[in-house]
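These notes concern the structure reproduced below.
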2 protein chains.
Amino acid sequence: MSNSAPLDPIVVSESPEEKFREFLEIRGEKLTEPRRILIRHIFDSHKHFDADELVADLREAGRRVSRSTVYRTLRLLVEAGLLRELRLTNRSAYEHDYGYPSHDHLHCTECNTIVEFRNEEIQKLREAISQEHGFRSSGHRFVISGVCPTCSRARSPRRRLDLI
Amino acid sequence: MSNSAPLDPIVVSESPEEKFREFLEIRGEKLTEPRRILIRHIFDSHKHFDADELVADLREAGRRVSRSTVYRTLRLLVEAGLLRELRLTNRSAYEHDYGYPSHDHLHCTECNTIVEFRNEEIQKLREAISQEHGFRSSGHRFVISGVCPTCSRARSPRRRLDLI
DNA sequence: ATTTTTGCAAACCATTTGCAGCTGG
DNA sequence: CCAGCTGCAAATGGTTTGCAAAAAT
């Protein structure tokens, strides 16, 4: 799995862990060992993941955190504004929010890959449309679904051979 | 529940039922009584609904179709291009696709209401962005989340009273 | 007559929760 | 110490599925 982010990270003064501790402190909650393991692991690499992959990933790295705690912590991290949740399939996917610029997604329906992109227009559209309808908007999701270049190339030629 | 569509319907030559029958025929499948009940009921009024509401609605109208058949038929209707599925919460919502113009959504996170809007810019953006990334796009979802005017009015004044 | 569909109940599967014991501050 | 947390196992809740009886062509 890749460690590189497709978009340049935003410069932030606090580490994700510090920001999480602060969030928990305000609510009178605690930064425990399992939570520390999770936030470090999650922000160690930049990628999209779901709860199951996270559990498997941690197990592989020799760090055991129970599935329940993973789910509970993911919810906290979303509430804290550190992660964003994407509901593209039956299982939720997560991505970094904190320290990462706002962006939208291309979703390949063949291989399930998620590609990020940044487009200034979308923010403006969101604002204009919200205002038009009297909404106080708090966020948006713009997902373009289709077939990525890799899957396009992989499938079209195979089709040809089938016809021979 | 309202029967009126927020956007003007598209003129189509076939009824949803005809289109469904055609779709089934191609696959060697059958337009049965439960399926007829469902498609008529669904296209009788224009609104967003989920599987549960549909079952309840049918029961109220004295038409019994089993939950399994409802789920199975909803899937068919999506495959047939008659309905679109929206995954905004833990349960899928459905809306008319056939005979209805393409549009996007404002989602109120307070009352869960879905408001439709139409904006030409979005199609253009989708095309431009897809091309830029070599995607063959097949669709998109643009959902603006926030608080609708009704919920805004209902909440803000209450807050004030609480402070007195 | 044969293939598909239905309804029921059971299975599924991602996610949540109750609880007894553990832990952080 | 004591509120909050963990892990386990059990529960939940939306959705799917196996199967025997029923319906469609």
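These numbers were taken from a predicted model, which means no experiment stands behind them. To find a chain, count down the sequence lines: A is the first, B the second, and so on, and within it residues start at 1.
Arg36(B) has its CZ atom 11 Å from the P atom of dT6(C), to the nearest Å. Separating the CD atom of Glu25(B) from the P atom of dT5(C) is a distance of 13 Å, rounded to the nearest angstrom. Spacing between atom CG of Leu38(A) and atom C1' of dC5(D) amounts to 13 Å, rounded to whole angstrom units. Put simply, CD on Glu29(A) is 13 Å from C1' on dG24(C), counting in whole angstrom units. Taking atom CZ of Arg27(A) as the reference point, atom C1' of dC5(D) lies 13 Å away to the nearest angstrom. Between the CG atom of Leu88(B) and the P atom of dG14(D) there is a distance of 16 Å, given to the nearest Å. If you measure from atom CG of Leu76(B) to atom C1' of dT15(D), you get 15 Å, rounded to the nearest angstrom. For the pair Leu74(B) CG and dG14(D) C1', the computed distance is 13 Å after rounding to whole Å.
None of His48(B), Glu95(B), Lys47(B) except one satisfies the side chain to side chain contact (heavy atoms under 4.5 Å, CB included) rule with Ile114(B); the exception is His48(B).
Comparing Pro34(A) and Leu31(B), the nucleotide of DNA chain D nearest to each residue sits closer to the 5' end for Pro34(A). Map Gly28(B) and Thr69(B) each onto its nearest nucleotide of DNA chain C; the residue landing nearer the 5' end is Gly28(B).
Below 30°, between 30° and 60°, or above 60°: for Phe20(B) and Phe23(B) the angle between ring planes is below 30°, a parallel geometry.
Side-chain atoms of Asp104(B) come within 3.5 Å of backbone atoms of Phe142(B) as a donor-acceptor pair (strictly under, hydrogens ignored). The main-chain N or O of Leu7(B) is found under 3.5 Å from a side-chain atom of Tyr100(B) such that the two form a donor-acceptor pair. No donor-acceptor pair closer than 3.5 Å links the side chain of His140(B) to the backbone N or O of Leu106(A). A distance-only check finds no donor-acceptor pair linking the side chain of His105(A) to the backbone of Arg141(A) [under 3.5 Å].
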(message) What does the B/S/- profile of nucleotides 10-23 of chain C look like, 5' to 3', with a 4.0 Å heavy-atom cutoff to protein?
(response) ----SBBBB-----
